[in-house]
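We use all heavy atoms of the structure for the numbers below, so side chains are in, but hydrogens, waters and symmetry mates are not. Here is the naming used below: chain letters follow the sequence lines, and residue numbers restart at 1 for every chain.
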There are 2 protein chains.
Amino acid sequence: MATIYQVSELAGVSLSTVSRVLNNNDYVSKKTKKKVMEAMQELGYQPSSIARSLASSRTSSVGILVSELDGPFFGQMMSAIEEQLRAAGKHVIITPGHSDETKEKNGFEFLISRNCDAIIAHVEAVSNEYLIELSQGKTPIYLMSRYVEEIKDNCISLDNVMGGYLATKTMITRGHKNIAYIAGPQFKIDASDRLKGHKQALSEFGIEFDENLFYIGDFKETGGNDGLKSFIDNKISFTALVCANDEMASGAMKYAREHGFNLPSDLAIIGYDNVIFTNYLYPTLTTINNPVPEMGKMAANLVLKDIYKHTGITINHIFQPNLILRDSTPSLK
Amino acid sequence: MATIYQVSELAGVSLSTVSRVLNNNDYVSKKTKKKVMEAMQELGYQPSSIARSLASSRTSSVGILVSELDGPFFGQMMSAIEEQLRAAGKHVIITPGHSDETKEKNGFEFLISRNCDAIIAHVEAVSNEYLIELSQGKTPIYLMSRYVEEIKDNCISLDNVMGGYLATKTMITRGHKNIAYIAGPQFKIDASDRLKGHKQALSEFGIEFDENLFYIGDFKETGGNDGLKSFIDNKISFTALVCANDEMASGAMKYAREHGFNLPSDLAIIGYDNVIFTNYLYPTLTTINNPVPEMGKMAANLVLKDIYKHTGITINHIFQPNLILRDSTPSLK
DNA sequence: TTGTAGGCGTTATCAT
DNA sequence: ATGATAACGCCTACAA
């Protein structure tokens with residue numbers, strides 16, 4: 001491996017000059033720059049990222065902390081972040097937090113110990129206080145899908161209220177009035193925001209919120225199953241079902257079919273998140289899509305701007321979901 | 001940040017001694033070791049991974065090159081590898097190759113330039129020759145789901161012949177004799193191996209391979225669609241359909257339903273890969289599962305053993321797929 | 001068992 | 001615009 005020193009010898013200049021061309025420093029004459037470049041070429045010189053890191057206390061790496069390495073949501077997110085960052089010559093160190101407080105903290109510590117220049121995190125178990133305190137440290141933290149007032153400039157979040165509104169409005173504009181709603185665990189902000197949007201849509205169209213058509217599920221298939229079951233057992237009548245995520249919608253669909261419903265004609269169903277399998281369900285599931293890749297890209301851009309001082313970058317801190325219309329939501333006959 | 005130097009001062013020993021306890025060197029008396037540990041504790045000392053790397057030319061990082069950051073297969077794989085490696089204090093640098101020759105090569109170069117101690121790669125576009133040559137370099141390369149004779153000790157692969165055999169045998173043992181087969185692109189080893197297994201099962205049970213019940217698809221939904229269409233258009237009779245992957249099976253299912261088939265009673269279908277949506281299809285799809293997490297873990301173990309000299313690790317280079325029985329494959333009436 | 005000194009490949013601060 | 005030289009934080013012979 002050729003070093004900067006050998007390059008300097010071959011080019012007949014000093015170490016510092018070589019370093020300068022390496023870092024695009026302006027104070028180098030075109031002539032010398034050319035000489036140096038040629039020498040580098042000839043030696044097949046590759047700068048050592050490690051030595052650079054040691055000398056500059058920059059690692060050109062950004063840590064990514066996601067709940068799971070697996071799964072479409074995180075997959076898309078990592079993919080977008082990595083792509084954007086790599087185009088800028090940075091690399092990503094990825095580690096999972098498994099939605100567990102201890103593991104998320106470990107993840108942060110791990111990435112910090114690796115001297116990442118910044119951390120982009122999607123965490124749900126640690127408290128806001130922890131995150132605020134962490135932000136005082138020397139490694140900058142950026143948050144995905146989470147809004148913390150005190151560090152809002154480092155947050156990229158989704159407008160879940162808008163999404164919830166969109167889902168219910170979709171049913172309303174298709175003629176439905178009796179709309180059941182299966183919510184997610186209300187301690188999760190996403191879930192309560194989506195519910196807020198649901199209520200907003202109802203009130204906008206003069207429909208009263210009915211506790212009997214409301215169930216709090218667990219964001220898993222069982223939640224959709226149990227929710228629908230409870231509505232049916234209580235003999236409540238409704239023609240549409242809004243689920244706060246796709247898993248629950250899938251569970252509800254299975255339950256509905258097993259109990260004599262003909263889908264989608266007997267019951268319109270909408271999900272949320274646009275996870276990949278929604279397109280494989282029968283009927284295909286109408287759902288709300290999050291602009292996950294765009295968010296990932298934006299997070300990367302935010303880091304590029306803040307940390308690596310790239311210019312000409314415009315930041316958008318909040319993203320709007322959109323409707324994906326499929327077969328599961330016919331108009332009321 | 002405290003340095004090794006300050007620790008040595010506080011503990012009243014030399015730099016090297018501190019370094020020794022850091023690296024679990026045997027030649028340190030218990031007493032001094034204790035003193036040093038306490039000093040570290042008191043200063044909240046954290047070794048700098050970068051300085052260590054520079055001095056030892058080890059980065060404690062292993063590169064992972066996968067086709068996509070997104071997707072269940074790679075998700076599971078990365079997850080398993082990361083978990084195993086992190087437990088050993090190593091970290092992973094992940095980058096995608098997008099199944100494109102240039103991008104895969106870029107990925108390798110990128111990881112090599114990052115001084116990874118080793119690279120675990122799942123690549124499909126680069127040639128065997130390239131991989132063999134790369135293996136001559138100073139960064140050890142390990143291959144997932146790919147077998148290259150010349151560097152077989154660095155390969156972890158799947159027994160696709162066995163999987164193909166299993167799929168078809170499943171149909172045969174359920175009484176089917178007229179079994180259609182939609183294969184994957186035959187230049188892909190996985191695809192041709194699966195086909196080989198299919199033929200093996202047929203011959204084992206005295207069923208002749210019928211060109212009319214054979215179609216080469218593209219591993220995507222359209223392939224299943226087109227394959228089934230061609231069988232039907234040709235008025236061939238068959239009661240079972242084996243697809244070389246789940247996407248094609250899904251495409252075939254949609255086409256079948258749209259053309260008057262009642263599933264699963266009119267046609268038994270089996271897929272391959274056990275991707276997540278198979279469980280959401282209607283009917284749920286019987287398929288062949290790859291032990292992806294196990295493979296990932298094994299790859300990590302292989303690196304731990306070869307590169308980081310961990311002991312007591314047993315390596316298994318080839319993994320067997322298994323059958324996931326669901327609703328899409330009833331017995332022939 | 002412990003200490004000394006040189007080196008790993010750059011960056012950064014001064015001079016010049 | 002260019003060059004010396006001291007960090008950066010640790011490892012590793014070699015010496016003691």
Interatomic distance, CE@A:Met40 vs CD1@A:Ile4, rounded to 0.5 Å, equals 6.5 Å
Margin query: Counting only heavy atoms not in A:Ile276 (residues, nucleotides, ligands), do more than 12 fall under 6.0 Å from its CD1?
Written below: no
The dot-bracket string of DNA chain D, counting Watson-Crick and G-U wobble pairs with both distances under 3.5 Å, using [ ] for crossing pairs and | for pairs to another strand, is ||||||||||||||||
Value for OG (B:Ser53) from CG (B:Asn115), rounded to nearest 0.5 Å, stands at 8.0 Å
Every protein N/O within reach of nucleotides 7-9 of chain D N/O, cut-off under 3.5 Å:
from: D:dC8; atom 1: O2; to: A:Ala55; atom 2: N; distance (Å): 3.4

Residues in residues 28-40 of chain B with a heavy atom under 4.0 Å of DNA chain C, by number, are B:Val28, B:Ser29, B:Thr32
Sorted by chain and number, sequence neighbours left out, side-chain contact (heavy atoms from CB on, under 4.5 Å) with B:Ser60 holds for A:Arg114, B:Lys90
If you restrict it to nitrogen or oxygen atoms, what contacts under 3.5 Å exist between nucleotides 3-5 of chain C and the protein, and what is each distance?
from: C:dG3; atom 1: OP2; to: B:Ser14; atom 2: N; distance (Å): 3.0
from: C:dG3; atom 1: OP2; to: B:Ser14; atom 2: OG; distance (Å): 3.3
from: C:dG3; atom 1: OP2; to: B:Thr17; atom 2: OG1; distance (Å): 2.6
from: C:dG3; atom 1: N7; to: B:Ser16; atom 2: OG; distance (Å): 3.4
from: C:dG3; atom 1: N7; to: B:Arg20; atom 2: NH1; distance (Å): 3.3
from: C:dG3; atom 1: O6; to: B:Arg20; atom 2: NH2; distance (Å): 2.4
from: C:dT4; atom 1: O4; to: B:Ser16; atom 2: OG; distance (Å): 2.7

Scan the side chains in residues 129-140 of chain B for donor-acceptor partners under 3.5 Å anywhere in the protein, sequence neighbours excluded, and list what turns up.
from: B:Ser135; atom 1: OG; to: B:Leu131; atom 2: O; distance (Å): 2.9
from: B:Gln136; atom 1: NE2; to: B:Ile132; atom 2: O; distance (Å): 3.1

For B:Lys105, the side chain to side chain donor-acceptor pair (under 3.5 Å) test, sequence neighbours excluded, returns B:Glu101
Expected list for residues 110-119 of chain A near DNA chain C, using heavy atoms below 4.0 Å, is none
Those residues at least two apart in sequence (or on a different chain) that pass ring pair (Phe, Tyr, Trp, His ring centres under 6.0 Å) with A:Tyr45 are none
Checklist entry - A:Ser19 side chain N/O closer than 4.0 Å to the phosphate oxygens (OP1, OP2) of C:dT10? => result no
dist A:Asn301:CG -> A:Thr314:OG1 (nearest 0.5 Å) comes out at 9.0 Å
Distance-only donor-acceptor hits, side chain of residues 290-299 of chain A, under 3.5 Å, sequence neighbours excluded:
from: A:Asn290; atom 1: ND2; to: A:Asp273; atom 2: OD1; distance (Å): 3.2

When every non-hydrogen atom of A:His98 is compared with those of A:Glu68, the smallest separation belongs to ND1-OE1, 3.0 Å
side-chain contact (heavy atoms from CB on, under 4.5 Å) filter on B:Ala55, not counting sequence neighbours, yields none
note: B:Tyr27, atom OH; D:dC14, atom P; distance rounded to Å ~ 15 Å
B:Asn23 CG to D:dT12 P, in whole Å, measures 7 Å
Contacts of A:His122 meeting ring pair (Phe, Tyr, Trp, His ring centres under 6.0 Å) (sequence neighbours excluded), chain-then-number -> A:Phe73, A:Phe74
In terms of heavy-atom contacts, A:Asp153 and A:His317 come closest through O-CE1, 2.9 Å
- A:Ile318 atom CD1, over 12 foreign heavy atoms within 6.0 Å: yes
A:Asn24 CG to D:dA1 C1', in whole Å, measures 16 Å
Rounding to 0.5 Å, atoms OG1 (A:Thr59) and CG (A:Leu54) come to a distance of 12.0 Å
